[in-house]
Amino acid sequence: MKRRIFASFAALSLVLLALATLLLGFTSYRFYEQNAKEQVQQDCALLLALLEGEDDPVQTLSTLQNALQNNTRLTLIDREGTVLFDSDYDAAQLESHSDREEIQEAFDGAFGESTRYSSTLQTNTYNYALRLNDNTVLRFCQPLSSISSVFVSTLPMMALLLVVLLGAAWLVSLTLTRHIITPIGKAVSQTEQMLKDPTLTMPPVIAYDELTPFVRQIKLLNEQTHEYIQRLKRERDTINNIVQNMQEGFLLLDENKRVLTINPSARVMLDIPHDEPIIGQNLLHIKRDMPLQQAIANAQETRLDVSYLQTDALKRHYRYFVSPVCDEKEVFQGTMVFILDVTEQIELDTMRRDFTANVSHELKTPLTSISGFAQMMENGMLKSKEDICSVGQIIDREATRLISLISDIIRLSQIESQQEASALDLAPVDIKEICEECVHSLAPVAQKASVRLDIQGESLMVPGDKTMLSEVVYNLCENAIKYNRPNGSVQLILSKEDNMARLEVKDTGIGIPAQDCERIFERFYRVDKSRSKDTGGTGLGLSIVKHAVMVHKGRISVHSTLGQGTSMVVLLPLA
C-alpha cells in the first residue's frame with residue numbers, strides 16, 4: 001500500500017511537472033519568437049526612416065549591409081516585383097517577388113508580414129515588409145532557426161529547474177505517504193495482535209474514524225473464523241487419527257484420479273513405499289493396477305459401488321470396495337477406495353474345508369477296514385482260528401489308529417479353545433526337566449529305531465502348562481526318531497536367545513523338501529503319505545505343536561536340508 005500511494009503521488013507530480021515544463025517551454029518559445037519579430041519590425045522601421053528622402057536607396061543599402069546581422073537578409077523590391085537590392089544574393093539573378101505574401105500586403109497597405117519556408121535560404125523564415133514613399137518595398141527576412149537557437153540556449157537552465165522540482169516532488173510525495181501510512185500501519189499492527197489472540201479487545205487507537213467499523217467487523221469475523229477453524233481441526237484430527245490407524249486400507253481420489261488421502265495400511269496393501277510422496281499425483285502414475293483402474297472407471301461411470309477380490313504376488317487376499325463420491329446435485333467429485341485384508345478369513349475357510357475333508361477321509365479309512373472285516377466275520381467267511389486272529393489284529397490296529405486320531409483332534413480343539421479364550425493356567429516350568437522325561441519315555445522307541453538321544457544345555461524356566469509343553473517336546477522328538485536313519489541321532493539343545501528360552505530338536509534324518517517346510521504345520525499335511533501311515537502318524541502332531549507354542553506366546557521354525565536332517569527351533573518367553 002505504501003508503495004502504491006507513493007507511486008501515485010510520484011506519478012501525479014511527474015505529470016504535473018511534465019505539463020508545466022511543456023507549458024513553460026511553449027510560452028518561452030512564443031515569447032522569444034515575439035521579441036524577435038518585434039526587433040525585426042523596429043529595425044525595418046528604423047531603416048525605412050533612413051531611406052526616405054534618399055536619391056539612391058540602393059546605394060544607401062549597399063553601404064549599410066555590412067552593418068546588418070549575419071542572419072538578417074535585406075531586400076528592396078519595386079512595384080513590378082523586381083528585386084532592386086538583396087543583401088545576400090545578386091539582385092539581377094533573383095526571380096520576381098511580386099507573389100510573396102508580405103510584398104503584396106505591403107503594396108496594398110502600409111506593411112506586410114509572413115512566415116514560410118524559403119527555398120532560397122532552405123529554412124523557415126519570418127518576413128516583414130514596409131512600403132516606401134517611392135512605391136518600393138523594403139523587406140527584412142530572418143530565419144526562425146536563430147529564434148530557436150536563442151530558445152535552446154535557455155534549455156539547460158530549464159532542465160536544472162526541472163531536476164530541482166523533481167527532487168522537491170519526490171520529497172513531498174515521500175512525506176505525504178509517510179503521513180498517510182504511519183497511522184494506518186499502527187492500526188494494522190494493533191489489529192494483527194487482536195487477530196492472533198481473539199480474546200483481545202479492539203485496538204484502542206484507530207488513526208481514522210472511518211476504519212473503526214471495518215476493524216470491528218474484522219474482529220467479529222475473526223472470532224467466528226477462529227471458532228470454525230478450531231472445530232474443523234478437531235474434526236479433521238479425529239478423522240485423520242481414525243483413518244491413519246485403521247487396519248483397513250483407505251484411499252481418496254479426486255475427479256481426475258489424483259490422490260487426496262492415503263493411510264499407511266493402503267500403502268502396504270498397494271505396495272507403495274512409505275517415503276514416496278504421492279499426494280496430488282495421479283494414481284495411474286503410482287500404481288498400474290488394471291482391476292483397480294477399471295473399478296474406479298466403472299464407479300465413476302455408473303455412480304454405483306464396485307467390489308472385487310484380488311490376490312497379490314505374496315498370496316495375500318484383498319477385498320476392494322470402490323465407491324463414487326458425489327455432491328448433493330449428483331455431480332461426481334471423486335472416488336473412495338476401501339481395502340480389506342481377507343487373507344486370514346479365506347485361509348480359515350480353506351483350512352476349515354480341508355480339515356473337514358481330511359477328517360472325513362482319515363476317519364473313513366479305518367472305519368471302512370473295521371466295517372469290512374466285521375462283515376467278513378459276520379458272514380462266516382473266516383473259518384480258521386488263524387484268520388480270525390489276523391483279522392482281529394487288523395481291527396484292533398485300525399481301532400487304535402481311529403482312537404489316536406480322534407484323541408489328537410480333540411486335543412487340538414482343546415488347545416485352540418484355550419488360545420482363543422486365553423484360559424491357560426501358567427506356572428514356572430523347567431524345559432530341561434521336560435526334555436529328560438521325554439527322552440526317558442522315548443528311549444525304547446529310539447533303541448528300536450537305532451537312534452541315539454542326547455540333551456545339551458542348561459536348565460531354563462518358562463511360564464507355561466507342563467502337560468502341553470511335554471506334548472510339544474514329545475511330538476518333536478517322536479517325529480525326529482520316526483523320520484531318522486538307522487544309527488542316526490537326535491539332539492535336544494537348550495540355550496538363551498534374545499531373552500527367550502531356545503529349544504532346538506536336531507536330527508540326522510531324511511530331511512524335508514524346501515517347498516514343504518512352510519506347510520508341515522498344517523492339519524493332516526504329510527510330506528510322504530505312505531511313510532507317515534507306515535509309522536502310524538495322524539498328521540496332526542505338528543499342528544498340535546504349533547498351536548501349543550502359540551498359546552505360550554512363542555514361535556516355532558524349521559530348518560531342513562533334504563537328505564541331511566532337520567532342525568526344529570522353539571522360542572518361549574523366559575520366566
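When reading the values below, keep in mind they use all heavy atoms of this one structure, side chains included, and skip hydrogens, waters and symmetry mates.
Salt bridge status for Arg316 with Asp312: absent, with no side-chain N to carboxylate O gap under 4.0 Å. Using a 4.0 Å cut-off between charged side-chain N and carboxylate O, Glu276 and Arg267 make no salt bridge.
The aromatic rings of Phe321 and Phe338 sit tilted relative to each other, their planes meeting at an angle between 30° and 60°.
With Arg502 contributing its side chain and Ile493 its backbone, the two residues share no donor-acceptor pair below 3.5 Å. Remark: side-chain polar atoms of Asp507 are not paired, donor with acceptor, to backbone N or O of Ile481 under 3.5 angstrom. Panel note: side chain Asp341, backbone Thr343; a donor-acceptor pair is recorded below 3.5 Å. Side-chain atoms of Asn263 never come within 3.5 Å of backbone atoms of Ile242 as a donor-acceptor pair (strictly under, hydrogens ignored). A distance-only check finds a donor-acceptor pair linking the side chain of Asn282 to the backbone of Asn256 [under 3.5 Å]. When atom types are taken as modelled, the side chain of Asp327 and the backbone of Lys329 share a donor-acceptor pair closer than 3.5 angstrom. Of the possible polar contacts, one joining the Lys432 side chain to the Gly457 backbone as a donor-acceptor pair under 3.5 Å is found. Remark: side-chain polar atoms of Thr508 are not paired, donor with acceptor, to backbone N or O of Gly488 under 3.5 angstrom. Checking side-chain atoms of Gln281 against main-chain N and O of Pro277 turns up a donor-acceptor pair under 3.5 Å. Distance alone, capped at 3.5 Å, places no donor-acceptor pair between the Asn240 side chain and the Arg236 backbone.
Inspection of the Asn487 and Ser450 side chains reveals no N or O donor paired with an N or O acceptor under 3.5 Å. Under 3.5 Å, the side chains of Asn298 and Gln294 contain a donor-acceptor pair of N or O atoms.
Side-chain contact check for Leu292 versus Leu283: some heavy-atom pair is nearer than 4.5 Å. Between Lys448 and Val445, every side-chain heavy-atom pair lies at or beyond the 4.5 Å cut-off. Taking 4.5 Å as the limit, some side-chain heavy atom of Leu469 sits within range of a side-chain heavy atom of Ile431.
Atom CG of residue Leu460 and atom CG of residue Leu494 lie 5.5 Å apart, to the nearest 0.5 angstrom.
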